[in-house]
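Throughout, protein chains are lettered first and strands after them, A, B, ... in sequence-line order, and every chain is numbered starting at 1.
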Number of protein chains: 2
Amino acid sequence: MRRAFGLRVRTLREPLALSQEDLADQAGLHRTYVGSVERGERNISLDNIYRLAKALGVHPADLLRDS
Amino acid sequence: MRRAFGLRVRTLREPLALSQEDLADQAGLHRTYVGSVERGERNISLDNIYRLAKALGVHPADLLRDS
DNA sequence: GTGTGACTCCTAGTCCGTC
DNA sequence: AGACGGACTAGGAGTCACA
C-alpha cells in the first residue's frame, strides 16, 4: 500500500506541472526522498503525509484513498 | 495533527469496547506504543496507520479525517 | 487499563553524486 | 526531468519497569 500511496502522490503532482524537486521544496523535503516515496519504496510518516498533502493542495485523507 | 490522529483512533476504539491492549494485539503492535499514538506523541508511519485501520475495521483514510 | 521515561535497534529522511 | 547509489544523521519502531 506504500505503492498505492506513491502513485496517488504522482497522479496528483503531474497535473500541477510540478517536478519532484518542486514538490519536495514546497513540502520541505528532499528531492530524492519524494522520488522514492512515489516509487513506493518508503514507509512515510504522518508528519510528511501532511506536508505532501498541503503542498499538493489536497486533504491528507485524499492521499490514502483507493488503496 | 498527530494529536488529531490519536484522538481519532481513540474515538473509534472505544465504541468497540476494545482496550488499548486489545487493539495493539489485533494490530500486531505493542500496548504502550498504541497508547502513545493515541496521546499524539508518536509520528506514526504509513504501515502502522494501515495496521491500526484494519484492526479498527475502518478505511485508513478515515483515520485522517477531521484533522 | 493506561501513562510515562528511558532505552536499543532499525529505518526514515538528507545530501552528495552519477546515469 | 527522474532513477538510483553510498554514506550519513535524525528520529520512528518496538519494548520494559514502574506508577
Side-chain angles (χ1 to χ4, degrees):
Chain A
M1 60 297 215
R2 296 184 189 180
R3 197 136 195 116
F5 180 89
L7 285 175
R8 195 88 181 106
V9 170
R10 181 164 291 180
T11 54
L12 285 169
R13 175 176 63 80
E14 288 174 337
L16 298 176
L18 290 174
S19 66
Q20 290 180 348
E21 190 164 8
D22 292 335
L23 177 57
D25 287 346
Q26 292 197 23
L29 297 171
H30 200 267
R31 96 191 146 72
T32 59
Y33 182 68
V34 170
S36 60
V37 166
E38 286 192 357
R39 271 174 267 129
E41 297 171 358
R42 298 286 186 151
N43 183 23
I44 191 171
S45 65
L46 190 60
D47 286 358
N48 287 340
I49 291 173
Y50 273 81
R51 289 190 187 202
L52 284 177
K54 188 174 180 180
L56 289 167
V58 299
H59 192 284
D62 291 335
L63 295 179
L64 300 192
R65 290 260 165 59
D66 317 322
S67 50
Chain B
M1 60 296 212
R2 294 184 193 179
R3 198 138 195 115
F5 179 88
L7 285 174
R8 194 88 181 107
V9 170
R10 182 164 291 181
T11 54
L12 285 169
R13 175 176 60 81
E14 289 175 337
L16 299 176
L18 290 174
S19 66
Q20 289 182 348
E21 191 164 8
D22 292 335
L23 176 58
D25 287 346
Q26 292 199 23
L29 298 171
H30 199 269
R31 159 187 95 71
T32 59
Y33 179 71
V34 170
S36 59
V37 166
E38 286 193 356
R39 271 173 268 125
E41 297 171 359
R42 300 277 187 152
N43 183 23
I44 191 172
S45 66
L46 191 60
D47 285 357
N48 285 344
I49 291 173
Y50 273 82
R51 289 192 187 201
L52 284 178
K54 188 173 182 182
L56 288 167
V58 299
H59 192 286
D62 292 335
L63 295 179
L64 300 192
R65 290 263 164 56
D66 317 320
S67 50

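- Using a 4.5 Å heavy-atom cutoff, the side chains of B:R42 and B:R2 are not in contact.
- The side-chain heavy atoms of A:L16 and A:L23, taken from C-beta on, include no pair separated by under 4.5 Å.
- At D:dA13, none of the side-chain N or O atoms of A:N43 fall inside 4.0 Å of OP1 or OP2 (strictly under the cut-off).
- When the nucleotides D:dG2, D:dG12, C:dT14 are ranked by their closest atom to the side chain of A:S45, D:dG12 comes out on top.
- Here the options are B:L46, B:D47, B:I49, the test is side chain to side chain contact (heavy atoms under 4.5 Å, CB included), and the partner is A:I44; only B:L46 passes.
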Distances under 3.5 Å only, N/O to N/O: pair up the protein atoms with those of nucleotides 6-10 of chain D.
none

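- Of the candidates D:dG14, D:dA3, C:dG3, the closest approach to any side-chain atom of B:R39 belongs to C:dG3.
- Between the base of C:dG17 and the side chain of A:R31 there is a donor-acceptor pair shorter than 3.5 Å.
- Between A:Q26 and A:K54, every side-chain heavy-atom pair lies at or beyond the 4.5 Å cut-off.
- Distance CG/B:L56 to CZ/B:R8: 10.0 Å, rounded to 0.5 Å.
- Side-chain atoms of B:L63 and B:L12, non-hydrogen and from C-beta on, do get closer than 4.5 Å to each other.
- Projected onto DNA chain D by closest heavy-atom contact, B:L46 and A:E14 fall at different nucleotides, the more 5' of which corresponds to A:E14.
- The residue A:R51 sits apart from the nucleic acid: no heavy atom pair falls under 4.0 Å.
- Note on B:E41: only backbone sugar-phosphate atoms sit closer than 4.0 angstrom, heavy atoms only; bases stay farther off.
- Straight-line distance from the CZ atom of A:R10 to the P atom of D:dA1: 14 Å, rounded to whole Å.
- In terms of hydrophobic clustering, with Ile, Leu, Val, Met, Phe, Trp and Tyr side chains grouped at heavy-atom distances under 4.5 Å, A:L7 and A:L18 are assigned to different clusters.
- The shortest non-hydrogen separation linking A:A27 to A:R51 is O-CD, 3.2 Å.
- Rounded to a whole Å, the OH atom of A:Y50 is 15 Å from the P atom of D:dG12.
- Note on A:R13: only backbone sugar-phosphate atoms sit closer than 4.0 angstrom, heavy atoms only; bases stay farther off.
- Summarising the geometry, the separation between CG on A:L29 and C1' on D:dG2 is reported as 17 Å, rounded to the nearest angstrom.
- Side-chain atoms of A:D22 and A:S19 include a donor-acceptor pair closer than 3.5 Å.
- Within a heavy-atom distance below 4.0 Å of DNA chain D, the residues of residues 17-26 of chain A found are A:S19, A:Q20.
- Rounded to whole Å, atom P of C:dT2 lies 15 Å from atom CG of B:L7.
- B:H30 has its NE2 atom 18 Å from the P atom of C:dA6, to the nearest Å.
- Here B:Y33 reaches the OP1 or OP2 of D:dA13: one of its side-chain N or O atoms lies under 4.0 Å away.
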